[in-house]
Each structure stands twice: as C-alpha cells, then as structure tokens.
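For reference, the structure is listed below as structure tokens.
For the single chain, residues carry numbers from 1 onward in sequence order.
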Amino acid sequence: MSGQPSTVPEFPEWPQFGDEERAGLIRALEQGQWWRMGGSEVDTFEAEFGAYHGTPHALAVTNGTHALEVALEVLGVKAGTEVIVPAFTFISSSLAAQRLGAVAVPVDVDLDTYCVDPAAVVAAITDRTRVIMPVHMAGQFADMDALDKIAADAGVALLQDAAHAHGAQWQGKRAGALGSVAAFSFQNGKLMTAGEGGAVLFPDEETRERAFLVHSCGRPRTDRDYLHRTTGSNYRMSEFTAAVLRAQLARLDGQIEAREQRWPLLASLLAEIPGVVPQGIDPRTDRNPHYMAMFRIPGITLERRRAVVDALIARGVPAFVAFRAIYRCEGFWEAGAPDESIEAIAARCPNVEQIHSDCVWLHHRTLLGTEQQMHDIAAVLADILAE
C-alpha cells in the first residue's frame with residue numbers, strides 16, 4: 001500500500017526497571033537473610049500483592065506453573081481426579097494437573113473472548129472432576145458468574161489461572177476478591193516480572209496455611225525439629241525476587257492505564273482491515289490489563305500466518321503465533337491425558353481449532369507505545385496482508 005510506514009518506531013523495552021528495582025535488590029542484599037524464612041521481602045510482597053487483588057491471603061512461589069501445582073494440590077487434585085481446562089491456553093495450565101497425576105480434560109472456548117465456554121465446562125463434568133480451571137486470556141476474565149454457579153452446583157473447586165490478569169477486574173472485583181483461588185505468574189514476559197516467580201491468592205487463611213506447608217517441604221514456618229507435616233516440595237520465592245516484584249507492582253497501575261487507553265484505538269484500527277478480527281471484551285471485565293493484543297485472521301493458512309508474523313517482526317512489531325491447542329502438543333499426551341483421540345477432542349473444540357490456527361498476538365509493550373504507533377501497527381499489518 002502506498003504511504004504505509006516501512007517500519008514502526010521502537011516500542012518501550014520490556015521488562016521496565018529503574019532505581020526502585022535497584023534499591024529493592026540492595027535492600028534484600030543488605031538485610032543479610034536471602035531466603036524467605038529469615039528475610040522480610042517475601043512476606044511484605046505477599047501482603048502488598050494480596051491487598052492489591054482483594055485478599056490478605058497470598059502465597060509467593062517460585063513460578064507460575066508451581067503456583068498452579070500448589071493450588072491444585074491444596075484443592076485435592078491427585079491421581080484419579082480430573083481437572084477441566086480450556087484447550088486454548090499455554091500448556092502449563094494442563095501440565096500442572098498432569099504432573100500431579102490427574103487427568104486434564106480440554107474443553108472449548110468462546111470464539112470472541114478466547115476464554116473457556118461455560119457450556120463446554122458443564123458437558124465435561126464427571127464424578128471425577130475436582131477442579132475447573134478458567135484462564136483469563138490476555139487479561140480478559142472468563143465468565144466468572146457462570147463458572148461460579150457451575151462449580152457450586154457440581155460441588156467442585158474453581159481455580160483461576162490469572163497469569164495474564166494482574167490488576168484485572170470482574171465487575172469491580174479483582175481476582176483475589178472473587179471467592180476462589182487464583183494463581184499468577186511473574187515470568188519475564190508477564191505484566192510484572194522478576195524473570196520468574198509466581199503467587200497464589202486464597203479466599204481464607206486456612207487454605208493458605210495448607211499451601212504454605214506444601215510449598216515448604218511440609219514444614220511450618222516455626223518448625224525447628226524437622227517435623228514435616230505434609231507432602232510437598234520447595235517452591236519458596238527468594239528475597240531478591242520479591243524485592244524486584246515489589247517495585248514492579250508499584251509500576252503496574254500506570255502501565256495498565258496506558259494499555260487501556262491504547263487497546264480500543266488499536267482494536268478499532270485492526271477491525272478496519274479486511275479479514276482481521278480483534279479479540280472481543282466482555283464488558284463485565286471492567287479493567288483489562290491487556291497482557292496480549294490478540295487478533296484473528298480467519299481462513300489464513302498456518303504457513304501464511306507464520307509469514308505474516310515474520311514480516312511484522314521484520315518491520316518492528318513484536319508479534320507471535322497464538323498458543324497451539326494443548327491436545328495438539330506431544331507433551332500433553334505423555335501423562336494424564338483423557339482417553340480420547342486428538343480427533344475426538346478437536347471435534348468438541350471447534351472454536352479452539354479455529355483460534356489456534358488463525359490467531360496472532362502482539363507483545364503488551366506495543367500498547368505502551370504512542371497513539372501514532374497504534375496507527376503504524378495497523379498500517380503495517382494492512383500492508384503485509386495486501387502483499
């Protein structure tokens with residue numbers, strides 16, 4: 001297309017950091033105790049992160065996958081149980097259950113929001129179901145009203161995979177205030193990061209204390225006699241990680257405000273490009289941190305989509321192909337897979353079959369760019385698709 005920019009000016013770098021993170025690392029270093037049992041950074045971060053999300057019951061752990069594993073174990077997931085997961089998600093959602101010996105049951109998602117379809121969840125519940133795990137895709141909450149009722153009616157637990165939903169709100173409430181367990185990730189690309197890290201939010205202190213034992217080899221904080229009360233492992237966050245995350249949490253609100261200003265503009269511009277369909281937003285998600293700027297190109301081939309992503313990257317737009325359907329990954333079938341064929345799961349996940357084949361996402365740092373850069377992104381994409 002004539003007049004289109006050849007490249008997009010550089011977006012803000014990610015991760016973002018400054019004197020606050022440096023000061024936190026020095027503070028953790030100089031306190032002389034670098035693990036959570038002797039220091040204060042992890043305890044303080046848990047209090048701050050929990051309060052920010054609406055609960056005083058937070059537990060910091062080593063990473064987001066471990067956050068899911070700890071939460072699932074505390075909720076009673078083990079061999080012989082089933083966990084319902086969206087088939088369109090990063091595979092940690094299912095692997096966390098499979099690593100505990102449970103069967104992960106993939107279900108379809110909504111074609112507009114890319115979040116788990118409540119009707120598909122209902123159809124998948126059996127007498128072995130222990131947990132329903134919605135994923136708040138790219139910061140868009142799954143339908144928590146419907147899922148809360150489904151879980152209550154079935155007598156099973158609800159575990160929010162909130163790895164994309166730092167600071168997100170569902171009808172004015174953040175993940176920790178919704179009455180169910182929520183797990184977060186602080187991996188390098190996440191909305192706040194220390195390279196790695198995770199956290200679990202609980203609705204009550206009793207469950208949080210059980211999780212503390214699981215994350216610390218079965219030992220309570222005050223144990224001096226190696227009286228390991230439960231099974232578990234070492235999922236403890238370090239003081240240095242927590243110190244960085246405290247500074248990152250202080251940055252989060254400003255970054256979310258910037259992304260919420262940019263996404264409506266970018267989405268409207270993308271929607272004007274023939275054949276491009278941006279991710280929809282359920283208005284009940286009244287604060288969306290926009291972990292990814294996602295859109296579909298229905299009908300595109302896998303080869304062509306890869307070429308489009310490569311072309312976007314070459315022209316300065318950090319772009320990625322979407323997650324592969326978990327049942328189309330070899331690792332999904334090594335342990336804890338349902339007694340179904342790939343074709344049978346695909347047949348009951350028609351929306352996932354479309355989304356994982358035609359979806360593209362842009363790194364959230366693009367939404368920290370200028371208003372002009374939103375126009376540039378759309379122009380570059382339109383130019384690539386017209387070639």
Side-chain angles (χ1 to χ4, degrees), residues 28 31-50 53 55-83 85 92-104 128-131 133 156-163 175-176 180-187 194 196-243 245 335-336:
Q31 71 178 345
Q33 290 291 328
W34 299 344
W35 74 314
R36 74 159 300 157
M37 298 306 190
S40 63
E41 293 295 327
V42 176
D43 288 345
T44 305
F45 171 67
E46 287 173 341
E48 293 171 347
F49 189 76
H53 286 95
T55 178
H57 313 299
L59 180 70
V61 296
T62 38
N63 57 59
T65 305
H66 287 165
L68 291 171
E69 288 186 20
V70 169
L72 288 167
E73 185 166 345
V74 169
L75 292 172
V77 170
K78 57 187 176 182
T81 63
E82 295 177 348
V83 177
V85 297
S92 282
S93 303
S94 68
L95 290 185
Q98 292 168 294
R99 295 283 288 177
L100 294 174
V103 173
R128 295 181 299 277
T129 304
R130 189 71 185 94
V131 172
M133 185 194 296
V156 302
L158 197 61
L159 169 57
Q160 305 170 62
D161 182 339
S180 53
V181 180
F184 290 81
S185 171
F186 307 121
Q187 176 268 343
E196 291 288 1
V200 192
L201 304 182
F202 299 94
D204 59 83
E205 185 59 21
E206 180 183 356
T207 312
R208 191 263 181 195
E209 282 303 307
R210 294 205 310 272
F212 186 96
L213 293 175
V214 170
H215 109 297
S216 192
C217 299
R219 294 179 71 192
R221 180 188 291 272
T222 56
D223 176 47
R224 296 176 59 192
D225 300 302
Y226 301 100
L227 299 175
H228 303 269
R229 296 182 182 176
T230 70
T231 184
S233 188
N234 179 2
Y235 299 123
R236 294 186 297 265
M237 178 181 284
S238 80
E239 290 287 283
F240 297 109
T241 297
L245 289 171

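A perpendicular orientation is assigned to the rings of Phe186 and Phe49, their planes being inclined by more than 60° (bins at 30° and 60°).
Atom-to-atom distance recorded for Glu209:CD and Leu59:CG is 9.0 Å, nearest 0.5 angstrom. Atom OG1 in Thr231 sits 12.0 Å away from atom NZ in Lys78 (nearest 0.5 Å). In this structure, CZ on Arg229 lies 14.5 Å from SG on Cys217, to the nearest 0.5 angstrom. Distance check: Ser40 OG to Phe45 CZ gives 14.0 Å after rounding to the nearest 0.5 Å. With rounding to the nearest 0.5 Å, the separation of CZ in Phe212 from CD in Glu205 is 10.5 Å. Of the inter-residue distances, the one linking Leu213 atom CG with His228 atom NE2 reads 11.0 Å to the nearest 0.5 angstrom.
For the residue pair Glu41 and Glu239, the shortest heavy atom distance occurs at N-OE1, 2.7 Å. Closest approach of Arg36 to Asp43, counting heavy atoms only: NH2-OD1, 2.8 Å. Nearest heavy atom pair, residue His215 against residue Val70, reads CB-CG2, 4.4 Å. Closest approach of Gly176 and Thr55 over heavy atoms only: O-CB, 3.5 Å. Contact between Ala194 and Leu245 at its shortest, heavy atoms only, is N-CD2, 3.7 Å. Among all heavy-atom pairs drawn from Thr65 and Ala96, the shortest one is O-CB, 4.1 Å.
In summary, of the residues considered (His57, Arg208, Glu46, His53), a side chain to side chain contact (heavy atoms under 4.5 Å, CB included) with Leu201 occurs for His53 alone.
Under the 4.5 Å side-chain criterion, counting only non-hydrogen atoms from C-beta, Ser180 is not in contact with Leu159. Within the 4.5 Å cutoff, the side chain of Val61 has no heavy atoms near those of the Glu69 side chain.
Within a 6.0 Å radius of CZ in Arg219, more than 12 heavy atoms belonging to other residues, nucleotides or ligands are found. Atom CZ of Arg221 sits in a crowded spot, with more than 12 heavy atoms from other residues, nucleotides or ligands closer than 6.0 Å.
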Margin query: Using the rule given for side-chain contact (heavy atoms from CB on, under 4.5 Å), can you reason through Leu68 versus Met133, listing the C-alpha separation, both sets of side-chain angles and the distance that settles it, and then say yes or no?
Written below: CA-CA 10 Å; Leu68 291 171; Met133 185 194 296; 4.2 Å; yes
Next item on the list: List the steps and the verdict of side-chain contact (heavy atoms from CB on, under 4.5 Å) for Met37 and Ser216.
Entry: CA-CA 10 Å; Met37 298 306 190; Ser216 192; 3.3 Å; yes
Item checked: Evaluation steps, side-chain contact (heavy atoms from CB on, under 4.5 Å), between Thr207 and Arg210 -> CA-CA 5 Å; Thr207 312; Arg210 294 205 310 272; 3.9 Å; yes
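For Arg130 (side chain) and Leu75 (main-chain N/O), a donor-acceptor pair under 3.5 Å exists by modelled atom type. Of the possible polar contacts, one joining the Asp204 side chain to the Glu206 backbone as a donor-acceptor pair under 3.5 Å is found.
Contacts of Glu82 classified as salt bridge (charged side-chain N to carboxylate O under 4.0 Å, His left out), with partners at least two apart in sequence or in another chain: Arg128.
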